[in-house]
Amino acid sequence: MKKYINRYRIAHQLKMSSIIAHHIMGNKNKFILLCLVSLFSACANIVSPTGGPIDKTAPVLSPLSTPDSVLNFKSGTIQFTFDELIQLKDPNNQIIISPLLKANPTYKVHKRTFTMYIPDSLLLPNTTYQIHFGNAIQDVHEGNAIQNLKRTFSTGSYFDSLSIHGTIIDAESGDKDTSSLVLVYLAQEPDSVIKYQKPLYVSKTAQGVFTLNQMPHQSFKIFALKDLNKNLIYDAKGEKLAFYDKAIDPSNDTLPIVLYTFLEKKNSDTSTKSLLRKEVPSKNVEKLSYTISVNQDTTKRNFDFKDTLHIIFNHTISTWDKSKIRLYQKEELDASSDVILDSSKKSISIYTSWEQDVVYSLILMQNFASDSVNNKIKADTIFFRTKRISDYGSLKIV
């Protein structure tokens, strides 16, 4: 069939060329022109259109969609309409609702419209909710996902506006942990809550840095979890964990939080009485321990910026790893710091040019030191704040 169509097209071109030639040129040149047209037509190769360049543009949201920042939200629908046909991919993992709902809402896609239905029974009163859609909504043809799509609404007459932010660091390597989630629970929950209950708030990180916005004036427990089985519970082998050692109230605690993820030992205590336990000293051998020459209170400026930071041990150190002792100024590694083991081998000193009124964190990684009977020390983090010059007072001589 294609062969006959091509023949028809060529014949049609010849006929049209003849008519044009008759009007433009005399009969004398008609034959020459027809021969030239026939020659070029015979050489022509008719090819179907390629379809143009690949579409790399994500769907565009219509102004008729549900607006952002809605107050007094009750049960109902959130609806998005786009300029092209869409599809829904992995919504249960891509779409994050914070605070978490007790059950998943209903999702539906029809041609260019996405609809989410949230029953009133799943919503808490006077609570601000945020929905991040991730890469869930994509166009049908090329799978281009709409980026940074989110919606905020409140079931009350106001929006919570506090925030919690910080960094997750792998305690073993000292690098930022980019694969763990931040899990937030009410402060009154027990430490073991992460083992059997999903969090109230959850947040992904951007290169190890996290921010939780629209938080209420309440106290919270903060954890980090490398969630291998994607159930938001600390229950799978190989999952890394981190926890902050005190409750956080975002209305008072505005400094960045640093969480250090680590892998618990296989024989760690898994009872529900306590999430983590200190190592119990042996009856025969006293465990290696240490004290720090600074008060761990970042709300007070108590460290003399002309002083030296010391780690003082109760036993002589036989082995230690300088690379596992790191000093951070705010969230930046202090590369200029110098770490030295004293000749007595019972003290490690950290020297640097301290800045005034700055929060520092000293990271002691897993097994950074051990004694002669191979007692090793677990990872730890010490926060402290330097003084200002004005804290030393002044003397005016007249």
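Quick caveat, the model's predicted, so the values are computed rather than measured.
Here the side chain of E239 pairs a donor or acceptor atom with the backbone of L228 at under 3.5 angstrom. The closest donor-acceptor contact from the side chain of T128 to the backbone of D160 lies under 3.5 Å. Between the side chain of S65 and the backbone N or O of T81, at least one donor-acceptor pair lies under 3.5 Å. Side chain of K221 to main chain of A187: a donor-acceptor pair is present (N/O by atom type, distance under 3.5 Å, no hydrogens or angles). Side-chain N or O atoms of T386 include one that pairs as donor or acceptor with a backbone N or O of E355 at under 3.5 Å.
Note: the hydrophobic cluster containing I96 does not contain M116 (ILVMFWY, side chain heavy atoms under 4.5 Å, direct or indirect links). The cluster map of Ile, Leu, Val, Met, Phe, Trp and Tyr, joined by side-chain heavy atoms under 4.5 Å apart, puts I233 and F223 in different clusters. No continuous path of hydrophobic side-chain contacts links I312 to I382 [ILVMFWY only; heavy atoms under 4.5 Å]. At a threshold of 4.5 Å between side-chain heavy atoms, the hydrophobic network of Ile, Leu, Val, Met, Phe, Trp and Tyr places V209 and V359 in two separate groups. The hydrophobic clustering, which links ILVMFWY residues whose side-chain heavy atoms are closer than 4.5 Å, places L88 and I118 together.
Under the 4.5 Å side-chain criterion, counting only non-hydrogen atoms from C-beta, L124 is in contact with Y129. Residues S157 and L71 are not in side-chain contact: their nearest non-hydrogen atoms beyond the backbone lie 4.5 Å or more apart. F210 is listed as a side-chain neighbour of I257, based on a closest heavy-atom distance under 4.5 Å. Put simply, the side chain of V184 does not reach to within 4.5 Å of the side chain of P199, judged on heavy atoms. Contact of the I350 side chain with the T308 side chain is not registered, since no non-hydrogen atoms from C-beta on lie closer than 4.5 Å. Under the 4.5 Å side-chain criterion, counting only non-hydrogen atoms from C-beta, T261 is not in contact with I169. Side-chain contact between L362 and I311 is present, with heavy atoms from C-beta onward closer than 4.5 Å. With a 4.5 Å cut-off on side-chain heavy atoms, V140 and E84 do not count as touching.
With salt bridges taken as basic N to acidic carboxylate O contacts below 4.0 Å, one links D357 and R385. D371 and K346 are not joined by a salt bridge, as no carboxylate oxygen comes within less than 4.0 angstrom of a charged side-chain nitrogen.
Each of M215, H165, Q218, H217 was checked for a side-chain contact (heavy atoms from CB on, under 4.5 Å) with P250, and the lone residue meeting it is M215. The only option from D249, N213, L212 that meets the side-chain contact (heavy atoms from CB on, under 4.5 Å) definition with I164 turns out to be L212.
No more than 12 heavy atoms of other residues, nucleotides or ligands lie within 6.0 Å of CD in E172, so this atom counts as exposed by the packing criterion. D90 CG: more than 12 foreign heavy atoms inside a 6.0 Å radius. In K226, the NZ atom is not crowded: 12 or fewer heavy atoms of neighbouring residues, nucleotides or ligands sit closer than 6.0 Å. More than 12 heavy-atom neighbours from other residues, nucleotides or ligands sit within 6.0 angstrom of CD on Q147.
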For ring-ring contact (aromatic ring centres under 6.0 Å, His included), just list the numbers for F133 and F80, CA-CA rounded to whole Å, side-chain angles, deciding distance to a tenth of an Å, and then say yes or no. CA-CA 11 Å; F133 290 86; F80 298 133; 5.1 Å; yes
Go through the steps for F114 and L149 under the test side-chain contact (heavy atoms from CB on, under 4.5 Å), then give the verdict. CA-CA 12 Å; F114 165 84; L149 180 60; over 6 Å; no
Quick one, R112 with D139, criterion salt bridge (Lys or Arg N to Asp or Glu O under 4.0 Å). Give me CA distance, side-chain angles, the key distance, then yes/no. CA-CA 9 Å; R112 301 182 180 185; D139 65 26; over 6 Å; no
Given the rule in the side-chain hydrogen bond (donor to acceptor under 3.5 Å, both in side chains) test, do Q79 and T115 qualify, once you have shown the distances and angles that lead to the verdict? CA-CA 4 Å; Q79 193 170 82; T115 304; 3.1 Å; yes
Tell me, with the steps shown, if K74 and L123 meet side-chain contact (heavy atoms from CB on, under 4.5 Å). CA-CA 8 Å; K74 304 301 178 185; L123 298 174; over 6 Å; no
Please walk me through it: do Q214 and T127 pass side-chain contact (heavy atoms from CB on, under 4.5 Å)? CA-CA 9 Å; Q214 314 293 149; T127 301; over 6 Å; no
Take I317 and I348, measure what side-chain contact (heavy atoms from CB on, under 4.5 Å) needs, and give me the verdict at the end. CA-CA 10 Å; I317 297 299; I348 293 176; 5.5 Å; no
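Summarising the geometry, atom CE belonging to M365 is positioned 9.0 Å from atom OG1 belonging to T381; distances are rounded to the nearest 0.5 Å. With rounding to the nearest 0.5 Å, the separation of CG in N229 from CG in D227 is 5.5 Å. The CD1 atom of I222 sits 7.5 Å away from the CG atom of L259 when rounded to the nearest 0.5 Å. Here K89 contributes atom NZ and I137 contributes atom CD1; the two are 13.5 Å apart, rounded to the nearest 0.5 Å. A distance of 10.5 Å separates NE2 in H110 from CD1 in I86, rounded to the nearest 0.5 Å. Taking CG of L327 as the start and CG of L364 as the end, the distance is 10.5 Å to the nearest 0.5 Å.
Nearest heavy-atom pair across A103 and L122 is O-CD1, 3.5 Å. Across Y185 and Q197, no two heavy atoms sit closer than the pair OH-O, 3.1 Å. When all heavy atoms are compared, the tightest approach of A145 to A58 is O-CB, 3.3 Å. T205 approaches D177 most closely through the heavy-atom pair OG1-O, 4.1 Å. Closest approach of F220 and L200 over heavy atoms only: CE2-CD2, 4.4 Å. Minimum interatomic distance between K198 and L100 (heavy atoms only, all atoms of both residues): CB-CD1, 4.4 Å.
The ring of W320 has its center no closer than 6.0 angstrom to the ring center of F313.
The aromatic rings of W354 and F384 sit perpendicular, their planes meeting at an angle over 60°, well past the 30° parallel limit.
Counted by atom type alone, D321 and N367 present zero donor-acceptor pairs between their side chains at under 3.5 Å.
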